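Below: one structure, written as structure tokens.
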Amino acid sequence: MTFYDGQYPFYPHERRSWVFNVQCIIIIIVFLVFALSFLVILPGIRGRGRISWACRIITSLFIGSVIVAVNFTSDWEVGSVNATTTYKSFSNAVVNADIGLHVGLNGINVTLKGNPIHQINETINYNEEFVWRLGSDYNQYYNDGLKKGLPNPILYVAEKFNQYNPCGMFAQYRISGHYASACMWVAFCSWIISNILFSMPSFIYGAYMTLVTAAFIIFSLISFSTVKNVSFCNIQFGTDVLKTEFGASFWLTLATGLFCFIIGIIFIVLDWCVPEKLKVFFNMIEEDEEEYSSELYVNEYCHQPDV
């Protein structure tokens with residue numbers, strides 16, 4: 001087989017390495033727009049109420065953005081290994097490369113990066129996605145990879161998650177991911193309700209809904225972590241084994257859940273111990289307006305000059 005511009009014929013264009021998750025970037029941009037919009041109107045809030053609103057809005061947007069973004073990330077569980085392995089089918093050529101596995105709630109990403117990147121007259125830098133979210137067929141993604149002639153290490157890792165593979169990784173990860181994602185979306189709904197309640201006179205119910213938000217975030221973590229209780233086949237390249245551990249999205253979700261729990265507990269305790277001060281925090285604008293109106297009070301019975 002001949003080459004075209006240094007690439008195999010079934011890759012007519014030069015492949016580009018993965019740079020960022022487009023969905024996460026969109027989510028971050030949306031929440032940044034909300035934050036910037038609030039910063040524009042923030043100077044219009046008088047007095048100490050500006051500090052109160054700033055703390056509440058920034059905290060709320062951070063929690064909401066994390067809840068939504070982690071549904072689309074691919075680093076709930078990550079692992080990598082450096083190995084010398086065959087590169088293509090029907091070829092004796094071997095390459096030294098770093099093979100990575102990134103597991104998300106909706107699928108996996110398998111990376112292959114040569115060490116060095118340029119070997120056997122080709123740039124080895126891949127990131128392939130295999131999705132099992134509702135409405136998607138993981139086996140179809142795998143079959144498309146076979147048709148495209150993806151490198152052997154990527155296909156080998158993807159095959160371990162195939163629906164018909166005896167290792168059973170597909171069923172466990174798919175079910176755990178679906179339940180974890182469902183819990184995160186319920187947490188997002190709870191977050192919206194808590195924001196509404198915090199804007200009402202009965203703001204203490206917002207604290208209760210914050211605890212509900214924290215509970216569903218923790219439930220999602222428990223659901224995903226159940227995969228660690230099942231023994232799977234090793235993903236092995238010669239004598240090297242690809243081992244995984246919880247990634248950044250898992251720990252960020254855990255931190256956000258604990259943060260919501262602490263916020264809810266603090267508000268409930270303050271409402272029990274010093275309810276008046278908590279009302280001042282949530283009604284700072286009204287307090288400032290009363291002080292401002294009292295300064296503008298004019299005595300209507302003041303002495304009128306004689307005509």
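Note that the structure is a prediction, hence the values are computed from the model and not measured.
- Proximity of Val241 to Val81: side-chain heavy atoms (C-beta onward) are nowhere separated by under 4.5 Å.
- At distances below 3.5 Å, at least one donor-acceptor pair connects side-chain atoms of Asn165 with backbone N or O atoms of Glu159.
- For Phe203 and Phe267, the ring centers sit 6.0 Å or farther from each other.
- Annotation for Leu105 and Val70: closest pair CD1-O, 4.1 Å, computed over non-hydrogen atoms.
- Annotation: the span from Leu211 atom CG to Ile262 atom CD1 amounts to 11.0 Å, rounded to 0.5 Å.
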Determine whether Glu122 and Tyr87 satisfy the following criterion, side chain to side chain contact (heavy atoms under 4.5 Å, CB included), listing intermediate values before the conclusion. CA-CA 11 Å; Glu122 187 174 349; Tyr87 182 58; 2.9 Å; yes

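- Residue Ser60 holds its OG atom at 11.0 Å from CD1 of Ile58, rounded to the nearest 0.5 Å.
- Checking Tyr173 against Glu77 by side-chain atom types alone, a donor-acceptor pair falls below 3.5 Å.
- The shortest side-chain heavy-atom distance between Asp98 and Ser80 does not fall under the 4.5 Å cut-off.
- Donor-acceptor pairing under 3.5 Å is recorded for the side chains of Asn127 and Asn109.
- Ring geometry, Phe246 versus Trp251: the interplanar angle exceeds 60°, so the pair is classed perpendicular (tilted spans 30 to 60°).
- No more than 12 heavy atoms of other residues, nucleotides or ligands shown are found within 6.0 angstrom of NZ on Lys243.
- For Ser194 (side chain) and Trp191 (main-chain N/O), a donor-acceptor pair under 3.5 Å exists by modelled atom type.
- The two residues Gly145 and Leu155 have their closest heavy-atom pair at C-CD2, 3.9 Å.
- Under the 6.0 Å cut-off for aromatic ring centres, Phe161 and Tyr138 do not qualify, their centroids lying 6.0 Å or more apart.
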Determine, step by step, whether Thr59 and Phe259 satisfy the side chain to side chain contact (heavy atoms under 4.5 Å, CB included) criterion, reporting the C-alpha distance in whole Å, the side-chain angles of both residues, the deciding distance to 0.1 Å, and the verdict. CA-CA 10 Å; Thr59 301; Phe259 184 51; 3.5 Å; yes

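- Residues Val66 and Ile222 share a single hydrophobic cluster, defined by chaining ILVMFWY side chains whose heavy atoms lie under 4.5 Å apart.
- Using bins of under 30°, 30° to 60° and over 60° for the plane-to-plane angle, the ring pair Phe170/Trp132 lands in the perpendicular bin.
- Under the 30°/60° scheme for interplanar angles, the aromatic rings of Tyr156 and Phe237 are found to stand perpendicular.
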Assess the residue pair Phe34 and Ile57 against the criterion (side chain to side chain contact (heavy atoms under 4.5 Å, CB included)); give the C-alpha distance rounded to whole Å, side-chain angles, the decisive distance to 0.1 Å, and a yes or no. CA-CA 9 Å; Phe34 281 113; Ile57 296 298; over 6 Å; no

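- Linking ILVMFWY residues whenever their side-chain heavy atoms come closer than 4.5 Å, directly or via other members, places Ile263 and Ile265 in the same cluster.
- One finds the CG atom of Leu258 at 5.0 Å from the CD1 atom of Ile218 (value rounded to the nearest 0.5 Å).
- Side chain of Lys160 to main chain of Cys233: no donor-acceptor pair is present (N/O by atom type, distance under 3.5 Å, no hydrogens or angles).
- Between Leu221 and Thr253 the shortest side-chain heavy-atom distance falls below 4.5 Å.
- Side-chain contact check for Phe188 versus Thr213: every heavy-atom pair is 4.5 Å or farther apart.
- How far CZ of Phe224 is from OG1 of Thr226: 8.5 Å, rounded to the nearest 0.5 Å.
- Between His102 and Thr73, the closest side-chain pair of non-hydrogen atoms is not below 4.5 Å.
- Taking both residues in full, the closest heavy atoms of Val227 and Ser176 are given as CG1-OG, 3.5 Å, listed atom of the first, atom of the second, then distance.
- Annotation: side chain of Tyr208 is not in contact with side chain of Leu197 (no heavy-atom distance under 4.5 Å).
- A distance-only check finds a donor-acceptor pair linking the side chain of Asn71 to the backbone of Ile67 [under 3.5 Å].
- For the atom pair CD1 of Ile204 and CG of Asp271, the computed distance is 3.5 Å after rounding to the nearest 0.5 Å.
- Remark: the backbone N or O of His178 is not paired with any side-chain donor or acceptor of Ser181 at under 3.5 angstrom.
- Scanning both residues, Phe219 and Cys183, for their nearest heavy atoms gives CB-SG, 3.9 Å.
- By the 4.5 Å heavy-atom criterion applied to side chains, Ile63 and Cys260 are counted as neighbours.
- Here the straight-line distance linking atom CD of Gln163 with atom CE of Met169 works out to 15.0 Å at 0.5 Å rounding.
- For the pair Ser65/Leu61, no side-chain contact is recorded, criterion being any heavy-atom separation below 4.5 Å from C-beta on.
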